[in-house]
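These notes concern the structure reproduced below.
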There are 2 protein chains.
Amino acid sequence: MIAYSSQPHYLLAVDCIVFGFDGEHLKILLVKRGLEPEINKWSLIGGFVGANESPDDAANRVLKKNTGLEGIYLEQLQIYGEPNRDPIERTLSVGYFALIDIHKYQAQINDDYHAEWFLINDRPKLIFDHDQMVSDARKKLRYKAALHPILFEMLPKKFTIPQLQILFEEVNDTKIDTRNFSRKIGSTGLLIKLAEKDKSGSKKGAFYFKVDKKKYNANFQAFLNLIPNLKL
Amino acid sequence: MIAYSSQPHYLLAVDCIVFGFDGEHLKILLVKRGLEPEINKWSLIGGFVGANESPDDAANRVLKKNTGLEGIYLEQLQIYGEPNRDPIERTLSVGYFALIDIHKYQAQINDDYHAEWFLINDRPKLIFDHDQMVSDARKKLRYKAALHPILFEMLPKKFTIPQLQILFEEVNDTKIDTRNFSRKIGSTGLLIKLAEKDKSGSKKGAFYFKVDKKKYNANFQAFLNLIPNLKL
DNA sequence: ACAAAAGTGTTAGGGTTACACCCATGC
DNA sequence: GCATGGGTGTAACCCTAACACTTTTGT
């Protein structure tokens, strides 16, 4: 029998930075931590990686448990592994960022997990290095969204161009010219205009669009340039 | 005393995909694995994460041990954590990609570690999931290099524009127009022309350039667009 | 009628590409 | 003097950004 003699073993966790968009602002989903240490402090949604699952599996499991949702857009951020990041015992954590449609989540609001949405710019201090994770995830979201059409993941199936624009503006902390924005979005060919209008935002009403899934999948790698003068 | 009861613990390793450029082709550095299982098979440069170091620390340590070099450009790729990726015992591995000046390495060629450079497109089959790691790293290198000036990390302090162009062509597997390339490179303002010429490549000789470190550090996040018609 | 948001067109400028010839030197 | 790779200029095109007014409809 072969073995890797005497190497140290560690706990491995996943932590998910869950982004959502309420139509006006970018938000993140936090939970009140249910175990010591730092019990009842706010933290990211996380959990330990089980013996028979990959970190990706673990992140999906943990997300399902806390949001009721499956098939969420999930991307590995990086590993956080400073030796003393967890005061109890050495635990490394793989950070993930997730994009979800906040309205789908609403259906699950009566959950048992005490999760709560916070404005990204007005959130409580988090445990351990979770604030760093949020900051890294935000940066990566912006970077990625400048190049790939991932923000649709945070919108409902049907959405309007003004909604989409606000989302882009929120993520990039900038203002975008309406005309240029709609022209660029149109030129991606990713959107299909629907007959129906959303009258909630204005008297005139804005047409709903949906994502052309085929083109979305085919063009996901396409470089977009939706944010003028982007500084990362 | 608080503890995380009964959670499984795992081994954690790092594996480095080390890229270099010999003036003509992109290469990677591999080692003959020195421990069971798969002893004497080719593998990436790797090692276990020690009790008092972060994965980043471990990658730097392992690289120094195998190349003699410090301060190498190093970037985390992702974690590889399929439950059965290592047949002996569950081991997760953090993949890193590293860019080094192959000529600096040459000074260390009499090492004890049996490392060897291979053409990226003509390398032996690697152990475990290391082939996947190499493939992922190549993709990421291309992606990153399209947007940030990281390829200079693989060149000597003094280099010529034709050398740089060949490197870009190798990484992107494409041909680039000489005139447009030198104009674009020039417009970044990142290069300083030296008086000296490299006569090894031609009779006329090509001027050496060096990187303007100040601008390099300041503009690292600047988006470049050096590869026309880039498909990632 | 008016308020409030949606939707659309034009133009100037900058950047990108495609393309071909001269230059410097060693042999 | 000729072969070899290095180095440069221009013109057409496209994309981008800047900019303001009209449309729709609920009240």
Side-chain angles (χ1 to χ4, degrees), chain A residues 23-24 146-147 149 155 158-170 172 174-210 219 222-232, chain B residues 23-25 145-147 149 155-156 158-170 172 174-210 219 222-231:
Chain A
E24 295 186 13
L147 301 171
L155 289 172
K158 296 186 300 187
F159 54 87
T160 68
I161 303 291
Q163 277 170 16
L164 184 62
Q165 178 169 345
I166 293 166
L167 175 53
F168 269 88
E169 290 175 340
E170 273 289 304
N172 291 286
T174 185
K175 285 285 170 196
I176 305 175
D177 180 275
T178 318
R179 294 158 291 193
N180 292 336
F181 182 76
S182 67
R183 187 181 315 113
K184 274 194 198 174
I185 286 290
S187 77
T188 63
L190 251 44
L191 296 190
I192 298 171
K193 191 177 194 168
L194 303 179
E196 194 185 351
K197 272 186 168 183
D198 168 27
K199 299 256 187 173
S200 68
S202 73
K203 291 156 186 169
K204 183 176 178 181
F207 279 104
Y208 279 119
F209 288 78
K210 66 174 182 179
N219 294 347
F223 273 56
L224 302 175
N225 181 17
L226 294 162
I227 311 303
N229 309 316
L230 177 68
K231 295 284 177 297
L232 288 179
Chain B
E24 295 186 13
H25 295 294
L147 302 171
L155 289 172
K158 297 185 301 188
F159 54 86
T160 67
I161 304 290
Q163 276 170 17
L164 184 61
Q165 178 169 345
I166 293 167
L167 174 53
F168 269 87
E169 290 176 339
E170 272 289 304
N172 292 285
T174 186
K175 285 287 169 192
I176 305 176
D177 181 275
T178 318
R179 295 158 292 193
N180 292 336
F181 183 76
S182 68
R183 186 180 317 114
K184 274 193 196 173
I185 286 290
S187 76
T188 63
L190 250 45
L191 296 190
I192 297 172
K193 190 177 194 167
L194 304 179
E196 195 185 351
K197 272 187 167 183
D198 168 27
K199 300 254 188 173
S200 68
S202 72
K203 289 154 188 170
K204 182 177 179 181
F207 280 104
Y208 279 118
F209 288 77
K210 66 174 183 180
N219 294 346
F223 273 55
L224 302 175
N225 181 16
L226 294 162
I227 311 302
N229 308 315
L230 178 69
K231 295 284 177 298

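Computed from a predicted structure; not experimentally measured. Below, chains carry the letters A, B, ... as their sequence lines are ordered, and counting in each starts from 1.
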Write down the distance between [atom1] ([X]) and [atom2] ([N]), rounded to a whole number of angstrom.
X: Arg179(B); N: dA18(C); atom1: CZ; atom2: P; value: 11 Å
X: Asp198(B); N: dG26(C); atom1: CG; atom2: C1'; value: 15 Å
X: Lys184(B); N: dG14(C); atom1: NZ; atom2: P; value: 18 Å
X: Asn225(A); N: dG15(C); atom1: CG; atom2: P; value: 13 Å
X: Arg183(A); N: dG9(C); atom1: CZ; atom2: P; value: 9 Å

Side chain proximity check, [X] to [Y], heavy atoms < 4.5 angstrom:
X: Leu191(A); Y: Phe159(A); answer: yes
X: Leu190(B); Y: Asn219(B); answer: yes
X: Phe209(A); Y: Leu194(A); answer: no

Here's a test of your reading of the structure: between Lys199(A) and Ile161(B), which maps to the more 5' nucleotide of DNA chain D?
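The answer here is Ile161(B).
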Nearest 0.5 Å please: distance from the CD1 atom of Ile161(B) over to the CZ atom of Phe181(B).
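Reported value, rounded in 0.5 Å steps: 7.0 Å.
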Measuring from Leu226(B):CG to Phe168(B):CZ, what's the distance to the nearest 0.5 Å?
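If we round to the nearest 0.5 Å, Leu226(B):CG and Phe168(B):CZ are 4.5 Å apart.
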Lys/Arg cation over aromatic Phe207(B): Lys197(B), 6.0 Å, 45° cone
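Pair Lys197(B)/Phe207(B) counts as cation-pi.
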Identify the 5'-most and 3'-most nucleotides of DNA chain D with at least one atom closer than 4.0 Å to a non-hydrogen atom of chain A.
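The protein-touched segment is dA17(D) to dG26(D).
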Answer yes or no: does atom NZ of Lys210(B) have more than 12 heavy-atom neighbours from other residues, nucleotides or ligands under 6.0 Å?
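12 or below, so no.
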What N/O pairs connect the protein and nucleotides 1-6 of chain C at under 3.5 Å? Give each pair on its own line.
| from | atom 1 | to | atom 2 | distance (Å) |
| --- | --- | --- | --- | --- |
| dA6(C) | N3 | Lys204(A) | NZ | 3.0 |

Quick one: closest heavy-atom pair of Gly23(A) and Ile166(A), and the distance?
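Shortest heavy-atom contact: O-CG2, 3.9 Å.
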